[in-house]
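In what follows, a structure is listed as C-alpha cells, so that the remarks can point back to it.
We count ligands from 1, going down the list as the structure has it; atoms in each ligand are counted the same way.
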Amino acid sequence: MAAGPGEAMAHSAFDTILVLDFGITRRLRELNVFSEMLPCTQTLAELKFTPKGIILSGGPYSVYEEGSPHVDPAVFNLNVPILGICYGMQELAYRLNPENVVAGTHREYGHAMLKARSVGGHVDRLFDGIEDSMRVWMSHGDKLAKLPDGFHTVATSDNSEYAAIGHESKPIYGLQFHPEVTHTQNGTDLLKNFAVGICGCKQDWTMQKFLEEAIAQIRHTVGEKGQVLAAVSGGVDSTVAAKLMKEAIGSRFWAVLVNNGVMRLNECEQVQKDLSEALGINLTVVDASQRFLDGLKGVEDPEKKRKFIGGKFIDIFEEEAVKIEEAAVHDSSVAGKIEGTLYPDVIESLSFKGPSATIKTHHNVGGLPARMANGQGLKLIEPLRSLYKDEVRALGRALGIREELVMRHPFPGPGIAVRILGEVTPEKVEIARQADHIFISEIRKAGLYDQISQAYAAVDPSRAVGVMGDKRVYGYIIILRAVTTTDYMTAEAFNFPWDFLQRVMNRIVNEVHGVCRVVYDVTSKPPGTIEME
Ligand SMILES: Nc1ncnc2c1ncn2[C@@H]1O[C@H](COP(=O)(O)OP(=O)(O)OP(=O)(O)O)[C@@H](O)[C@H]1O
Ligand SMILES: O=c1[nH]c(=O)c2[nH+]cn([C@@H]3O[C@H](COP(=O)(O)O)[C@@H](O)[C@H]3O)c2[nH]1
Ligand SMILES: NC(=O)CC[C@H](N)C(=O)O
Ligand SMILES: [Mg+2]
C-alpha cells in the first residue's frame, strides 16, 4: 500500500514532532511544524526516522488498569524532549512509581483556572512568555497522587495540584490539561514552546512545500505508465485530490462518481458539471443506487450500514478499473485508486490500534475489505491522508480550485444513510433529500453558508403526532443539524436566529410529505458526533 506524502518523504525534509496517538498534530501543523501521529503502542525499533520530540497524548484508559496501553520504554533512551498530556502525563508518572497515579474522587471535565509558577532553570521554558493565570480545558478522572521523583510542579489548578510538571534536569514535561483544544487559552503557544523552543523544530512546513512533495510522491508511486482510478464525490477532499492527481500524472487519471442512492438532491448532476466543466476532469458517473438500496434493506445497525457501503464502493471501483483497462486507452493496468481520506477519518476509525476507543467506521478507511488492506487487488493512494480539512482547503487554493468548491460543506461517503436513524428506505431517503434541500437553500439565502462548517437535515423515523389543517397527522421527525468547527474533531451547534429556524420548520412541514415535526440539534461534539450515526 502506498504511503501518503506526509509519511515517507516528509521526515527527511522536515524536523518532525512524533505524536503518539491523538489530537495534538493539528495544532503543531498550524505552527508550520510537521508532526506525525502514530498509535501509542508504536515501538521505536520500527520507527524509520528520529523525531525531534515526542508527545504522549491523552486517552480513555486508566494507566493502572490491567490491559491499558503503555509506551515503549525506548522513548526515554532517544534523548529527545517528551511532553505527556493527561493520560500521557499519568503514564510518565506511573512508570516511575505505580503509586503516583490514583483515581480521583470526581471527574473533572471542562474549564479550570491554571496558575503557572516559575521554578528556575530549563523547566520554565514550557510557560515562557505565557501569562501566569489562564483558562484551560480539563478532561480526566484520574490524577497524580504525588509529585513523581525528580520533578517540579510547574502549574496548579483548584482541582489539580499537579496540573503541569517538569523534570528537574531532563527535558520531560507533563500537563494534566489539554493544550491542543481551542478551549485552552495559550494552548498553541504552549505547544510552540515545546516544539520550537524546547525541541528546536524549524517552522518550515508549508502548503507549497507539501504540494511539491505530494506530486513527487504520486509520480514515484504510480510510475511512468501507471493509471489511476480516482473515486470522487464532488466533495472538497476528492476534488482537491483529483486536481492534484491531474497535476501529477495528467491524462493517466480517471475519475468515478458512484451514485450510491443516498446522495443529496441533484448531487450527481451538479458534480458532473463542476468537475468536468470547471476542472476538465474525465468523469464517469456509475449509477449503482439500486444495488446500494437493496443491500441496505433491513440493516439498522450504523456500523453494519457503514461497512456494507464501504464494501460495495470497492466492488464498484474494481468493476470500473476492469472497464478502463479493457478500453485499453493506455497500454498499462490501473495502478491505483485514490481517496480523499483525511487525518480525522484515520484517527477515529483506526484507533483500535491505539488507546482511543473506536467511534465509527468511516467507509473509506475501516470499511475497506481485507483484500485491499492486504495489498491485493487495487492499490490505495491517499495523497491527503496526512492533512486536516482546513489544510486540504488551503491545498485546493494553492492548486487554483475556485472558492465555492473549496468551501463546500463536507458530505460523508455513506451519505444520507448515516442521516437516517435505523433502516434506510427509498421513502426516507426522499424525505431527507427534500428537507435537506430546503434547509441548505434557506441557509444560502440567509447568507449563512460560509459561517457554518457543516449542515444537513436528518430523519428520525420514530413518528410523532401533529395537527395540520385540522387533521391528525402521524409523521417522521426531521432533525436539523448545523455545526461550526475548524478541525471536525470538536464542534459547536450553530446559533441560528429564531426566525430563521421557524422559516425552515414552516417550509419543511408544508412541503415535505410525511413530516410533522422539525427539531434543531444543539449537541456539541463531543459528546455528539457531527453525523447522526
Ligand atoms: N459517491 C461517491 N462516489 C465515489 N467516491 C466517493 C463517493 N463518496 C465518497 N467517495 C470517496 O470517499 C472519499 C471520502 O469521502 P469524504 O466525504 O470524506 O471526502 P469528499 O467527499 O471528497 O470531501 P468532503 O469531506 O468535503 O465531503 C472521497 O474523497 C471519495 O474518494
Ligand atoms: O468520508 C466520510 N466517510 C464517512 O464514513 C464519514 N463519517 C463521517 N464523516 C465526516 O467526518 C466528519 C466528522 O464526522 P463525525 O463527527 O460524525 O464523526 C464530518 O464532516 C462527517 O461528515 C465521514 N466522511
Ligand atoms: N483525557 C485523558 O487522557 C484521560 C486520562 C485518564 N483516563 C483519566 O481519566 O484521567
Ligand atoms: Mg464527501
Residue pair Thr486, Asp390: steps toward the side chain to side chain donor-acceptor pair (under 3.5 Å) verdict: CA-CA 7 Å; Thr486 49; Asp390 45 344; 5.6 Å; no
Test log, rule side chain to side chain donor-acceptor pair (under 3.5 Å), inputs Asn266 and Gln270: CA-CA 6 Å; Asn266 304 329; Gln270 187 58 44; over 6 Å; no
Pair Tyr94-Tyr64, ring pair (Phe, Tyr, Trp, His ring centres under 6.0 Å): steps then yes or no: CA-CA 8 Å; Tyr94 182 81; Tyr64 48 78; 7.4 Å; no
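The N/O atoms of Tyr488, backbone and side chain alike, include none that comes under 3.5 Å of an N/O atom in ligand 2. Geometrically, ligand 2 and Ile530 share a nitrogen or oxygen pair separated by less than 3.5 Å. Polar contact with ligand 2: absent for Arg419 (N/O pair, distance under 3.5 Å).
Each of the following atoms of ligand 2 lies closer than 4.0 Å to a heavy atom of Pro410: 20 (O). Atoms of ligand 2 lying under 4.0 Å from any heavy atom of Arg306, numbered from 1 in the order shown and given with element: 4 (C), 5 (O), 6 (C), 7 (N), 8 (C). Taking every non-hydrogen atom of Gly413 and a distance limit under 4.0 Å, the qualifying atoms of ligand 2 come out as 1 (O), 2 (C), 3 (N).
Taking the six-membered ring where the residue is Trp, Phe292 and Phe308 present perpendicular rings, their angle passing 60° and hence far from 30°. Ring-plane geometry between Tyr173 and Phe194 is classed as perpendicular, the angle between the planes exceeding 60 degrees on a 0 to 90 degree scale with a lower cut at 30.
In the displayed structure, Glu161 atom CD is contacted under 6.0 Å by at most 12 heavy atoms of other residues, nucleotides or ligands.
Side-chain atoms of Ser441 come within 3.5 Å of backbone N or O of His437 as a donor-acceptor pair.
For residues 181-190, every residue pair satisfying the side chain to side chain donor-acceptor pair (under 3.5 Å) rule, not counting sequence neighbours, is listed here: Glu131-Asn186. Counting only residues at least two apart or in different chains, salt bridge (Lys or Arg N to Asp or Glu O under 4.0 Å) contacts with residues 82-110 comprise Glu99-Lys146.
A salt bridge links Lys389 to Asp237: at least one charged side-chain nitrogen sits closer than 4.0 Å to a carboxylate oxygen. One finds no salt bridge joining Asp436 and Arg481 here, because no Lys/Arg side-chain nitrogen approaches an Asp/Glu carboxylate oxygen to under 4.0 Å.
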Once you restrict both partners to nitrogen or oxygen, which atoms of ligand 3 have a protein partner under 3.5 Å, and how far apart are they?
{"residue": "ligand 3", "atom": "1 (N)", "partner": "Ser139", "partner atom": "O", "Å": "2.8"}
{"residue": "ligand 3", "atom": "1 (N)", "partner": "His178", "partner atom": "NE2", "Å": "3.4"}
{"residue": "ligand 3", "atom": "3 (O)", "partner": "Gly59", "partner atom": "N", "Å": "2.9"}
{"residue": "ligand 3", "atom": "3 (O)", "partner": "Gly59", "partner atom": "O", "Å": "3.2"}
{"residue": "ligand 3", "atom": "3 (O)", "partner": "Tyr87", "partner atom": "N", "Å": "3.0"}
{"residue": "ligand 3", "atom": "7 (N)", "partner": "Gly59", "partner atom": "O", "Å": "3.4"}
{"residue": "ligand 3", "atom": "7 (N)", "partner": "Tyr61", "partner atom": "O", "Å": "2.5"}
{"residue": "ligand 3", "atom": "9 (O)", "partner": "Gly141", "partner atom": "N", "Å": "2.7"}
{"residue": "ligand 3", "atom": "9 (O)", "partner": "Asp142", "partner atom": "N", "Å": "3.4"}
{"residue": "ligand 3", "atom": "10 (O)", "partner": "Gln90", "partner atom": "NE2", "Å": "3.0"}
{"residue": "ligand 3", "atom": "10 (O)", "partner": "Gly141", "partner atom": "N", "Å": "3.2"}
{"residue": "ligand 3", "atom": "10 (O)", "partner": "Asp142", "partner atom": "N", "Å": "2.9"}

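Contacts with ligand 2 closer than 4.0 Å are made by heavy atoms of both the backbone and the side chain of Pro412.
Remark: among candidates Arg481, Lys525, Glu531, Gln454, the nearest residue to atom 13 (C) of ligand 2 is Lys525, based on non-hydrogen atoms.
Protein N/O/S atoms closer than 2.8 Å to the Mg ion (ligand 4), listed by chain and residue number, are Phe411 O.
If you look at Phe439 and Tyr456, their ring centroids are not closer than 6.0 Å.
The side chain to side chain donor-acceptor pair (under 3.5 Å) test with Glu403 is passed by exactly one of Arg408, Arg397, Arg393: Arg397.
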